[in-house]
Amino acid sequence: MHTDQITEILKRPVSQELLGRDVTRLAYVAEDDTPRSIPIAFTWNGSEIVLCTTKNAPKLPALRKNPVVALTIDTEVHPPRILLLRGRAELDVVDGIPDEYLQMNGSYEMTPEQRIEWEAEVSSLYDGMVRIVITRPGRNSSTSKPRCPPRSRS
């Protein structure tokens, strides 16, 4: 699928709705060469999906070995809305807490005071984290192919 086709799919209202959700399922190949699929918070910045994790997360060695991933973002209602994405995980070790981590966890209802306390607690737990940026391969690659199911006719 070409980059312009991917962009067109990601601009669709259903895709934008799904990209606005807060949890995806990340599929990757573990170090023992078996498949894994895990729920993980994410944020969409308009051009890439960003996940964040601790620096000692078990998924990191596997993603360094084989960065090819698949994501599923969907709804819990019937008929489901589903966005399937494939790409590569680029790992970016950062000092402190990434802004995206705070953003992706900002959808939970908190008072401003609770938010300040929560951010201080998170900052005290981690001296750094890893940003996992899901990138789309180049135009001629077949490893990035978002798909939306056809609209229901109900």
Side-chain angles (χ1 to χ4, degrees), residues 1-94 97-110 118-119 122 125-126 128-154:
M1 184 172 281
H2 294 288
T3 302
D4 55 342
Q5 294 170 307
I6 294 168
T7 301
E8 186 274 322
I9 289 171
L10 293 177
K11 286 183 177 180
R12 292 179 185 170
V14 67
S15 295
Q16 289 296 300
E17 174 191 334
L18 292 166
L19 290 166
R21 295 180 64 85
D22 56 1
V23 175
T24 185
R25 278 179 292 288
L26 170 68
Y28 63 96
V29 178
E31 283 193 288
D32 64 0
D33 292 326
T34 59
R36 296 286 191 279
S37 180
I38 60 166
I40 187 168
F42 78 98
T43 190
W44 165 251
N45 67 16
S47 62
E48 54 196 12
I49 291 175
V50 180
L51 319 166
C52 295
T53 194
T54 60
K55 292 191 289 186
N56 64 347
K59 64 185 141 299
L60 295 176
L63 293 173
R64 284 184 183 100
K65 179 180 173 184
N66 182 356
V68 176
V69 298
L71 299 173
T72 300
I73 309 168
D74 57 6
T75 60
E76 297 83 23
V77 297
H78 190 77
R81 292 187 182 140
I82 303 165
L83 183 61
L84 304 173
L85 299 160
R86 289 184 280 181
R88 299 182 68 81
E90 291 184 4
L91 307 180
D92 179 23
V93 179
V94 298
I97 307 302
D99 291 337
E100 292 95 347
Y101 183 82
L102 299 174
Q103 178 185 349
M104 69 184 64
N105 288 289
S107 63
Y108 302 106
E109 291 187 30
M110 292 184 229
W118 177 79
E119 288 187 18
V122 168
L125 292 173
Y126 307 113
M129 295 185 90
V130 179
R131 293 174 70 247
I132 303 171
V133 180
I134 308 303
T135 60
R136 296 186 302 239
R139 293 181 69 88
N140 297 323
S141 175
S142 63
T143 60
S144 179
K145 194 169 186 180
R147 298 180 186 172
C148 292
R151 293 183 180 169
S152 70
R153 298 182 185 239
S154 51

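The basis for the numbers below is simple: all heavy atoms, side chains too, and nothing from hydrogens, waters or symmetry mates. Position 1 is the first residue of the sequence; numbering continues from there.
Using a cut-off of 4.0 Å between Lys/Arg side-chain N and Asp/Glu carboxylate O, R21 and D74 are scored as not salt-bridged.
Below 30°, between 30° and 60°, or above 60°: for W118 and Y101 the angle between ring planes is below 30°, a parallel geometry.
Taking every heavy atom of both residues into account, A89 and I132 meet most closely at CB-CG2, 3.8 Å. A pairwise comparison of heavy atoms in W44 and F42 identifies N-CD1, 4.2 Å as the closest pair.
Shown here are the side chain to side chain donor-acceptor pair (under 3.5 Å) partners of E48, two or more places apart in sequence or in another chain: N45. Residues that satisfy the salt bridge (Lys or Arg N to Asp or Glu O under 4.0 Å) test with R131, not counting sequence neighbours, are D92, E100. Residues meeting the salt bridge (Lys or Arg N to Asp or Glu O under 4.0 Å) test with E90, sequence neighbours left out: none. Every residue two or more places apart in sequence or in another chain that forms a side-chain contact (heavy atoms from CB on, under 4.5 Å) with E119 is listed here: L102, R115. Take D99 and apply the salt bridge (Lys or Arg N to Asp or Glu O under 4.0 Å) test, not counting sequence neighbours, and it matches no residue. Applying the salt bridge (Lys or Arg N to Asp or Glu O under 4.0 Å) criterion to E8, with sequence neighbours excluded, gives R12. In this structure T24 satisfies the side chain to side chain donor-acceptor pair (under 3.5 Å) test with no other residue, sequence neighbours excluded.
Contact of the L10 side chain with the L83 side chain is registered, since non-hydrogen atoms from C-beta on lie closer than 4.5 Å. Looking at heavy atoms from C-beta onward, Y126 lies in side-chain contact with I97 at the 4.5 angstrom threshold.
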Return all side-chain donor-acceptor pairs below 3.5 angstrom for residues 60-72, not counting sequence neighbours, or 'none' if the list is empty.
unit_1 : atom_1 : unit_2 : atom_2 : d
K65    : NZ     : E31    : O      : 3.4
N66    : OD1    : V68    : N      : 3.2

Enumerate donor-acceptor pairs with a distance under 3.5 Å from any side-chain N or O in residues 33-40 to protein atoms, sequence neighbours excluded.
unit_1 : atom_1 : unit_2 : atom_2 : d
T34    : OG1    : D32    : OD1    : 2.5
T34    : OG1    : D32    : OD2    : 3.4
T34    : OG1    : R36    : NH1    : 2.5

All N/O donor-acceptor pairs, side-chain side in residues 49-58, below 3.5 Å, sequence neighbours left out:
unit_1 : atom_1 : unit_2 : atom_2 : d
T53    : OG1    : K59    : NZ     : 3.2
T54    : OG1    : N56    : OD1    : 2.9
K55    : NZ     : D127   : OD1    : 3.1

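Considering CG of L85 and CD1 of I6, their distance stands at 9.0 Å, rounded to 0.5 Å. Put simply, CD1 on I73 and CG on L19 are 5.0 Å apart, with the number rounded to the nearest 0.5 Å. Here the straight-line distance linking atom CZ of R81 with atom OG1 of T75 works out to 6.5 Å at 0.5 Å rounding.
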